[in-house]
Amino acid sequence: MSINVAPGPLRWQRPKYSPLARQIDVFAASGKFMFYLWWDGIFANNSSLERKRRAQWLVRTLLNLGPTFIKIGQALSTRADLLPPEYVDALAQLQDNVPAFSADVALALVQSELGKPIYTLFRDFNHIPIAAASLGQVHKARLHTGEEVVVKVQRPGLQKLFDVDVKAVYKIMRFCQHYFPWTRKYDLEPIYHEFFTILYQEIDYIQEGKNAERFRYNFMDYPGIIVPRVYWDYTTTKVLTVEYVPGIKVDDLQTIVACGLDPKKINQIGISCYLKQLLVDGFFQADPHPGNLAVNPADGSLIFYDFGMMAEVKSLAKDQMVRNFFAVLRKDTDEVLDTLIKMGLIEPVQDMTPVRRLISFLLEKFTEKPIDFKAFSEIKNELYLMFEQQPFRLPAQMTFILKSLTTLDGIARGLDPEYNLMVAAQPFVNSIAVSKGRVNTVVELARQTRDLIKYKLNQPSKTEVLIRRLERRIEEGELQVSVRSISSDRIIKRINIAIKSLIYACLTGFTLLAGAVLLVGGYQGGAIAAFMLSGLGFLVLLRSLIDLGIKEKLDKL
C-alpha cells in the first residue's frame, strides 16, 4: 500500500510556524481522528476498506505534523497484536518512506559542514538517498581510501521546529493538567522534559557518534551484535559518516527465511542484547524500530544503525529491574509487585488485590507461552477495577524503557508468532554465571540467578500450587463476594449517570419550550436567555450520555 503525500512542503516545514499554529494543528488532527473513530463506531462503518482509508489519512497527518509524531507512528507500526492490520501496514510506510529532501540541499549542507567540495571529501557520493527518516536522510559514498560509507545528513530547520514543539507541547500539557485533573497523577512534566532532552540530543550528530562508540565498546566481545564504525574526520553536529554495513531489514521474515536464518535465534540475540543493555550496561537504544535494526545475511547477527535516541538507566532503577526480571522467572507475584512499586510503575492504593491478581495471572499464563488476549476475559473484573482506580503511572525514565521493550516485542512476534520472552531470554540468563563484568551489577545478577536455580530445584508440585492458590483466594476474599460487589457498583454507577442524564434532558426540554413561548409572546430578550440555557443544558446532557456510553462499553469488555 502506498501513501500519497500532498506535493510541496509539509505543514511542519513551513518557514514561519508559531507555537499557537502548532498547537491548533495538533489539536485539530487528534480531534478529527477521534471524530472519525466515533463516527465509524456509531454507524458500524468498520469494514477493511474503510479502516485502510482511515489509516492512510492517519499516516498523511503524521507526516504533516512532523518528526515527533512520525516517531510515534513508527513505534505503533510494530504492534500487530494491538492494531488492525490495515493500520500496521500503513504505519509501516513511516519506517522507510518518509519523504526525502532535495539532494542539492543535502550536498550543500555536507560541503558547508565539512568545509570542502563534495568530491574533495569523497571519491563517490550517491545523490539519491538510500533511506529517509524523520530527522535526516542517508546517502551512500566512498572515501578516497576506498572504504564504503554512509553519510547521514540532517533535515534543514529541525532546531527551529523543535523549539516550536517544546512550547506547543508544553501548552497542551498544561492545558490537560488544568482542565483534566485525572492527568495529574501520571506525572507528565518529567516525561515531557525527558522526551525533549533526548530529542535534542538526537539532532546532535557528534553526540550520536559518541553514543555509537560507547555502544560498540559495550558489545566489543559480545557475539551476534554489529555496530558500524564512526569516521570522525567526516562528522559534525549535522553530518555523520559511518561504515557501510548492509543487512536485511529485521522485520523482513520472508528474506530472512530465504537466507536460511533462524528467526528464533535472531529473537534470542535481540532479547539478550536488550537485557544486557538494561540490566548490565544501563545504556540502551530507546528507538529500536525496524528501520534501525537489520540482520546480517551471512550469520544472522544483528546490526544496529541509529544511536541518536539513547537513554541511561539509573543505578537504583537498574537494580530494581534485575530483581523484577528474576522475580518474573520465579513467578514471584509479591516480588514483582514490590519492584514495580519501587520503580514507580504502579501507584500504591488501598486495595492492591486486583493488581496482584493481574500480575499472578500474567505470570501463570504467559511466561512460558505467547500472550492470548482473549484469555484476559478470565480476569475482566480485576481489569475493570484497575481502570477505575488507575494505579499505573509512567515515570519519565521508564517511558523509554517500556517504549523500547514494546517495540522490540512487536518485532519479535512478527518474526515468530510462538515467541515468548522467557524462552528468548534464556541465553542471557545462562551467560550470567560465567560473566566477569562490573562487580556490583554482576554480584546482584549472580545472586538472582542462584535464587532462580534454587527455586527451580525446590519448585512445588502442581497439587501444592493449587492448594496455595486456593488458600490465597480465600484469604483475599476473592470467591464471589468480590464479583458481586463489583457488579453492584457498576449497576449503581450506571443508574446514577442515567438519572442525571434524564434530569438534564428534562431541564433542556423545559428551557427550550420556555424560550419558544417567550419568543411567541414577543419577549425576545427572555427567549434568547432561555435558548442559551437550553443549549448549555444540551452540552451537559451530551457529556453525561458520553460518560454513560463509556461505562457500558467498559462493562461489556
Side-chain angles (χ1 to χ4, degrees), residues 149-150 152 198 201-202 205-232 235 240-250 256 261-313 315 318 321-322 325 400-401 403-405 407-409 411-412 415 421 424-442 444-446 449:
V149 296
V150 291
K152 185 176 177 181
I198 291 180
Q201 288 178 0
E202 199 170 359
Y205 287 174
I206 294 286
Q207 182 62 47
E208 181 174 346
K210 291 178 180 177
N211 291 340
E213 289 205 330
R214 179 177 173 184
F215 194 91
R216 182 184 174 90
Y217 175 79
N218 288 343
F219 286 91
M220 189 165 40
D221 300 320
Y222 197 86
I225 301 297
I226 298 173
V227 182
R229 186 164 66 92
V230 178
Y231 290 87
W232 286 107
T235 296
L240 175 66
T241 304
V242 298
E243 177 185 8
Y244 176 61
V245 185
I248 308 165
K249 196 175 176 183
V250 73
I256 288 171
L261 303 174
D262 183 4
K264 293 182 186 293
K265 180 68 175 176
I266 293 169
N267 275 345
Q268 286 185 340
I269 294 172
I271 296 299
S272 297
C273 169
Y274 258 85
L275 289 174
K276 180 180 183 298
Q277 292 176 54
L278 291 169
L279 304 182
V280 179
D281 303 328
F283 180 71
F284 67 99
Q285 188 193 51
D287 193 24
H289 65 76
N292 291 340
L293 289 170
V295 179
N296 186 349
D299 59 6
S301 298
L302 272 183
I303 307 167
F304 283 78
Y305 287 135
D306 193 313
F307 301 93
M309 187 173 270
M310 305 294 290
E312 295 198 54
V313 183
S315 178
K318 188 166 64 173
M321 282 195 296
V322 169
F325 174 70
F400 297 98
I401 294 174
K403 175 183 176 292
S404 300
L405 292 178
T407 304
L408 197 67
D409 180 75
I411 295 170
L415 288 176
L421 177 62
Q426 209 59 48
F428 173 78
V429 176
N430 295 339
S431 70
I432 297 302
V434 295
S435 60
K436 297 180 181 179
R438 279 158 278 188
V439 177
N440 292 339
T441 303
V442 173
E444 177 63 19
L445 285 168
T449 306

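Here the structure is a predicted model, which means the values were calculated and not measured. Heavy atoms only: backbone and side chains are in, while hydrogens, waters and symmetry mates are out.
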Determine yes or no for a side-chain-to-main-chain donor-acceptor pair under 3.5 angstrom, with [X] supplying the side chain and [Y] the backbone.
X      : Y      : value
Gln201 : Gln207 : no
Asp281 : Phe283 : no
Asp306 : Asn292 : no
Tyr274 : Phe284 : no
Arg216 : Val227 : yes
Tyr305 : Val245 : yes
Thr235 : Thr241 : yes

Applying side-chain contact (heavy atoms from CB on, under 4.5 Å), run through Leu279 and Phe428 and close with a yes or a no.
CA-CA 10 Å; Leu279 304 182; Phe428 173 78; 3.9 Å; yes
Passes side-chain contact (heavy atoms from CB on, under 4.5 Å), Lys276 versus Asn218? Steps please.
CA-CA 9 Å; Lys276 180 180 183 298; Asn218 288 343; 4.2 Å; yes
Compare every heavy atom of [Y] with every heavy atom of [X], then report the nearest pair and how far apart it is.
X      : Y      : answer
Pro290 : Val250 : CA-CG1, 3.8 Å
Leu293 : Pro288 : CD1-O, 3.6 Å
Val230 : Leu240 : CG1-CD1, 4.1 Å
Gln285 : Gln277 : N-OE1, 3.0 Å
Ile271 : Ala424 : CG1-CB, 3.8 Å
Ser272 : Pro427 : OG-CB, 3.8 Å

Quick one: pull up [atom1] in [X] and [atom2] in [Y] and give me the separation to the nearest 0.5 Å.
X      : Y      : atom1 : atom2 : answer
Ile411 : Ile266 : CD1   : CD1   : 11.5 Å
Leu278 : Cys273 : CG    : SG    : 9.5 Å
Asn211 : Met309 : CG    : CE    : 11.5 Å
Ile256 : Lys265 : CD1   : NZ    : 14.5 Å
Ile225 : Asn296 : CD1   : CG    : 11.0 Å

Can you classify the ring geometry of Phe304 versus Phe219 as parallel (below 30°), tilted (30 to 60°) or perpendicular (above 60°)?
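Parallel.
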Verdict with supporting geometry, Lys210 and Trp232, side-chain contact (heavy atoms from CB on, under 4.5 Å)
CA-CA 10 Å; Lys210 291 178 180 177; Trp232 286 107; 4.0 Å; yes
Please evaluate residues Phe307 and Glu213 with respect to the criterion side-chain contact (heavy atoms from CB on, under 4.5 Å), reporting the C-alpha separation (whole Å), side-chain torsions for both, the decisive distance (0.1 Å), and the verdict.
CA-CA 9 Å; Phe307 301 93; Glu213 289 205 330; over 6 Å; no
Would one find more than 12 heavy atoms of other residues, nucleotides or ligands at under 6.0 Å from atom OH of Tyr217?
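Atom OH in Tyr217 is not crowded, with 12 or fewer foreign heavy atoms closer than 6.0 Å.
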Using side-chain heavy atoms (C-beta onward) and a distance below 4.5 Å, is Lys152 in contact with Glu208?
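They are in side-chain contact.
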